[in-house]
Amino acid sequence: QLQLEESVGGLVQAGGSLRLSCATSIATFSTYAMGWFRQAPGKEREFVAAINWSGGAIYYADSVKGRFTMSRDNAKNTVYLQMNSLNFEDTAVYYCARSRLLRPTHFRGEYDYWGQGTQVTVSS
């Protein structure tokens, strides 16, 4: 059974930073693109960032561009999301997911395995 496990999120003040990680049990982890999504209360789950199989191509949502950095370590079967300059609008449950594709995509339907999610709360 494929598993994706996000690190514990947390509470951070506006302007602060937080790094999330997502470890997977995928034997062929380096074959697939990976993504981060988030869901705020009462809102749809939205795309945050995606990275291709090698880490050479990374896409970001406009709302996080310049503040968030996604990376991956294929030797550790882990992806990361470094979040800087956090603001209240970043408060959400964050999910990592595995894409069916090699290339990164913002289409939620292209992701077939999801983590359980981790809460990130930004206080003003």
Side-chain angles (χ1 to χ4, degrees):
Q1 179 67 25
L2 179 64
Q3 289 186 325
L4 293 85
E5 186 172 354
E6 296 98 345
S7 58
V8 175
L11 174 65
V12 62
Q13 286 190 328
S17 298
L18 193 64
R19 189 175 86 152
L20 301 179
S21 63
C22 173
T24 81
S25 64
I26 310 171
T28 55
F29 172 78
S30 62
T31 304
Y32 299 94
M34 298 289 294
W36 285 98
F37 289 75
R38 68 186 182 185
Q39 188 167 16
K43 294 188 176 181
E44 295 278 324
R45 191 171 298 187
E46 65 175 6
F47 169 74
V48 174
I51 190 168
N52 77 331
W53 66 275
S54 69
I58 309 171
Y59 294 160
Y60 297 97
D62 287 342
S63 59
V64 306
K65 201 172 295 183
R67 301 187 298 119
F68 289 14
T69 302
M70 185 175 184
S71 60
R72 68 188 295 161
D73 185 338
N74 287 343
K76 296 182 178 180
N77 283 10
T78 301
V79 293
Y80 304 93
L81 185 67
Q82 176 66 44
M83 304 183 291
N84 298 328
S85 301
L86 285 161
N87 57 58
F88 180 76
E89 287 70 32
D90 296 316
T91 295
V93 177
Y94 284 72
Y95 300 88
C96 70
R98 188 195 79 168
S99 171
R100 283 185 271 258
L101 310 174
L102 292 175
R103 56 178 174 79
T105 176
H106 65 281
F107 290 110
R108 198 170 65 190
E110 294 290 358
Y111 291 83
D112 54 2
Y113 289 97
W114 294 80
Q116 80 285 357
T118 187
Q119 177 70 47
V120 172
T121 302
V122 183
S123 63
S124 57

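For reference, positions follow the sequence shown, starting with 1.
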R38 and V64: CA distance, side-chain angles, deciding distance, side-chain contact (heavy atoms from CB on, under 4.5 Å) verdict: CA-CA 11 Å; R38 68 186 182 185; V64 306; 4.0 Å; yes
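Screening F47, F37, Y32 for a ring-ring contact (aromatic ring centres under 6.0 Å, His included) involving Y111 leaves a single residue, F37. Partner S99 forms a side chain to side chain contact (heavy atoms under 4.5 Å, CB included) with one of N52, T105, I51, D112 and no other, that one being T105.
Once rounded to the nearest 0.5 Å, the distance linking CD of E89 with OG of S63 reads 10.0 Å. Separation of atoms CD (E44) and CD (Q39) is listed at 7.0 Å; rounding is to 0.5 Å. With rounding to the nearest 0.5 Å, the separation of CG in N77 from CE in M34 is 9.0 Å. In this structure, OG in S7 is found 9.0 Å from CD in E5, a value given to the nearest 0.5 Å. Taken to the nearest 0.5 Å, the CD atom of E46 stands 10.5 Å off from the CZ atom of R108. Separating the CG atom in L11 from the OG1 atom in T121 is a distance of 6.0 Å, to the nearest 0.5 Å.
Following chains of ILVMFWY side-chain contacts shorter than 4.5 Å, one can reach I58 starting from L81, so the two form part of one hydrophobic cluster. Y80 and W114 fall into different hydrophobic clusters, where Ile, Leu, Val, Met, Phe, Trp and Tyr residues are linked whenever their side-chain heavy atoms come under 4.5 Å apart, directly or through other members. In this structure, V79 is a member of the same hydrophobic cluster as Y113, with clusters built from ILVMFWY side-chain heavy atoms closer than 4.5 Å. A continuous path of hydrophobic side-chain contacts links V12 to M83 [ILVMFWY only; heavy atoms under 4.5 Å].
Residues D90 and R67 are in side-chain contact: their nearest non-hydrogen atoms beyond the backbone lie under 4.5 Å apart.
By the side chain to side chain donor-acceptor pair (under 3.5 Å) test, Q116 is found to be paired with E6, residues two or more places apart in sequence or in another chain being considered.
Centroid-to-centroid, the aromatic rings of F68 and W36 stay 6.0 Å apart or farther.
Through chains of ILVMFWY side-chain contacts below 4.5 Å, L102 is grouped with W53.
For A40 against A92, the heavy-atom pair with the smallest separation is N-CB, 3.8 Å. Summarising the geometry of T91 relative to V122, their closest heavy-atom pair is OG1-N, 2.9 Å, with the distance given to 0.1 Å. Nearest heavy atom pair, residue S124 against residue A14, reads CA-CB, 4.3 Å. Residues P104 and A57 approach most closely at CG-O, 3.9 Å, considering heavy atoms. Closest non-hydrogen pair, S85 versus S17, comes out as N-OG, 4.4 Å.
Because its NZ or CZ atom is both nearer than 6.0 Å to the ring centre of Y95 and within 45° of the ring axis, R45 counts as a cation-pi partner of that residue.
The number of heavy-atom neighbours closer than 6.0 Å to CZ of R100, taken from other residues, nucleotides and ligands shown, is above 12.
With hydrogens and angles ignored, the 3.5 Å screen pairs a side-chain donor or acceptor of S25 with a backbone N or O of Q3. At distances below 3.5 Å, not a single donor-acceptor pair connects side-chain atoms of T78 with backbone N or O atoms of D73.
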